[in-house]
Amino acid sequence: MYQILLICHSFLRWFVLISLLYSIFRAYKGCFYQLSFTKTDNLVRHWTATIAHIQLIFGILMYVQSPIVKYFWANFSTAIQNMDSAFFGILHILLMLTAIVLITIGSALAKRKPTDRDKFKTMLIWFSIALFIIFIAIPWPFSPLASRPYLR
């Protein structure tokens with residue numbers, strides 16, 4: 001089960017990144033070119049948050065099944081000194097939860113803003129901050145925190 005979750009979680013990250021980048025692109029364009037906030041923009045906002053939440057569910061399922069995390073909590077005093085186990089035991093989940101919360105807040109705030117420009121601006125700010133945090137928290141092959149392949 002863990003291997004299936006790992007593959008799904010690894011694969012879904014690309015949907016999260018693509019949807020966030022697309023949302024940010026649309027928000028930037030809408031904000032700076034004074035465009036109307038269309039039904040498509042609203043769907044992009046909604047589906048970006050939904051995809052992020054689906055990824056969160058897979059991430060939480062993985063977290064409770066992960067042998068690295070189980071080792072981390074069973075041997076906290078020694079495991080905290082190992083960057084790989086500390087990354088997956090605490091850092092990854094905290095940063096990702098923070099990013100998902102920011103996406104959720106940004107989506108909810110944008111939905112309720114009275115003007116189109118405010119909707120775009122809210123999405124642009126909140127989703128960009130979340131994307132920055134996600135880039136830090138993903139274990140890229142080049143990351144100094146924890147290194148994993150692009151796809152599992």
**Request:** With sequence neighbours left out, write down each residue that passes salt bridge (Lys or Arg N to Asp or Glu O under 4.0 Å) with Arg13, or none if nothing qualifies.
**Result:** none
**Message:** Can you list everything that forms a salt bridge (Lys or Arg N to Asp or Glu O under 4.0 Å) with Asp84? Sequence neighbours excluded, please.
**Reply:** Arg148
**Asked** Do Ile54 and Met1 share a hydrophobic cluster (ILVMFWY, side-chain heavy atoms under 4.5 Å, transitive)?
**Response** yes
**Request:** Treating Ile, Leu, Val, Met, Phe, Trp and Tyr as nodes and any side-chain heavy-atom pair under 4.5 angstrom as an edge, say whether Leu91 and Tyr71 lie in one connected cluster.
**Result:** no
Test item: [X] side-chain N/O and [Y] main-chain N/O as donor-acceptor pair under 3.5 Å:
X      : Y      : answer
Asp118 : Pro114 : no
Thr122 : Leu109 : no
Ser143 : Pro139 : no
Gln55  : Val16  : no
Ser66  : Met62  : no

**Asked** Checking side chain to side chain contact (heavy atoms under 4.5 Å, CB included) against Ile133, which of Ile129, Ile136, Leu131 comes through?
**Response** Ile129
Nearest heavy-atom neighbours spanning [X] and [Y]:
X      : Y      : result
Phe72  : Gly89  : CD2-CA, 3.6 Å
Ser23  : Met123 : O-CE, 3.8 Å
Lys113 : Lys119 : O-CE, 2.9 Å
Arg45  : Ala110 : CD-CB, 4.0 Å
Asp41  : Ser36  : OD2-O, 3.4 Å
Ser85  : Ala79  : OG-O, 2.7 Å

Going by side chain to side chain contact (heavy atoms under 4.5 Å, CB included), name the residues that satisfy it together with [X], two or more places apart in sequence or in a different chain.
X     : answer
Thr40 : Arg26, Thr38, Val44
Leu61 : Leu5, Ile57
Lys70 : none
Ile93 : Tyr63, Leu97

Gap between atom [atom2] of [Y] and atom [atom1] of [X] - 0.5 Å precision:
X     : Y      : atom1 : atom2 : value
Ile51 : Trp14  : CD1   : CH2   : 15.0 Å
Ile24 : Ile125 : CD1   : CD1   : 11.5 Å
Leu21 : Thr48  : CG    : OG1   : 9.5 Å
Ser19 : His46  : OG    : NE2   : 11.5 Å
Met96 : Ile60  : CE    : CD1   : 12.5 Å
Leu12 : Leu56  : CG    : CG    : 11.5 Å

**Phe135 and Trp140 aromatic ring geometry - parallel, tilted or perpendicular at 30°/60° bounds** = tilted
**Request:** Return the set of residues passing ring pair (Phe, Tyr, Trp, His ring centres under 6.0 Å) with Phe11 (not counting sequence neighbours), or none when no residue passes.
**Result:** Phe15
**Prompt:** Does Asp116 have any side-chain hydrogen bond (donor to acceptor under 3.5 Å, both in side chains) partners at least two apart in sequence or in another chain, and if so, which?
**Reply:** none
**Asked** Quick one: side-chain hydrogen bond (donor to acceptor under 3.5 Å, both in side chains) partners of Asn82, sequence neighbours excluded?
**Response** none
**Residue pairs, two or more places apart or on separate chains, that pass ring pair (Phe, Tyr, Trp, His ring centres under 6.0 Å) and touch residues 85-110** = Phe87-His92, Phe88-His92
**Asked** If you look only at pairs with a residue in residues 94-134, which of them pass as a ring pair (Phe, Tyr, Trp, His ring centres under 6.0 Å), with sequence neighbours excluded?
**Response** Phe37-Phe120
**Asked** Below 4.5 Å, heavy atoms only, C-beta onward: do Ile4 and Phe58 meet side chain to side chain?
**Response** no
**Side-chain heavy-atom pair Leu124, Phe25 within 4.5 angstrom cut-off** = no
What donor-acceptor contacts under 3.5 angstrom involve side-chain atoms of residues 98-105, with partners at least two apart or in another chain?
{"unit_1": "Thr98", "atom_1": "OG1", "unit_2": "Leu94", "atom_2": "O", "d": "2.7"}
{"unit_1": "Thr104", "atom_1": "OG1", "unit_2": "His53", "atom_2": "NE2", "d": "2.8"}
{"unit_1": "Thr104", "atom_1": "OG1", "unit_2": "Ile100", "atom_2": "O", "d": "2.8"}

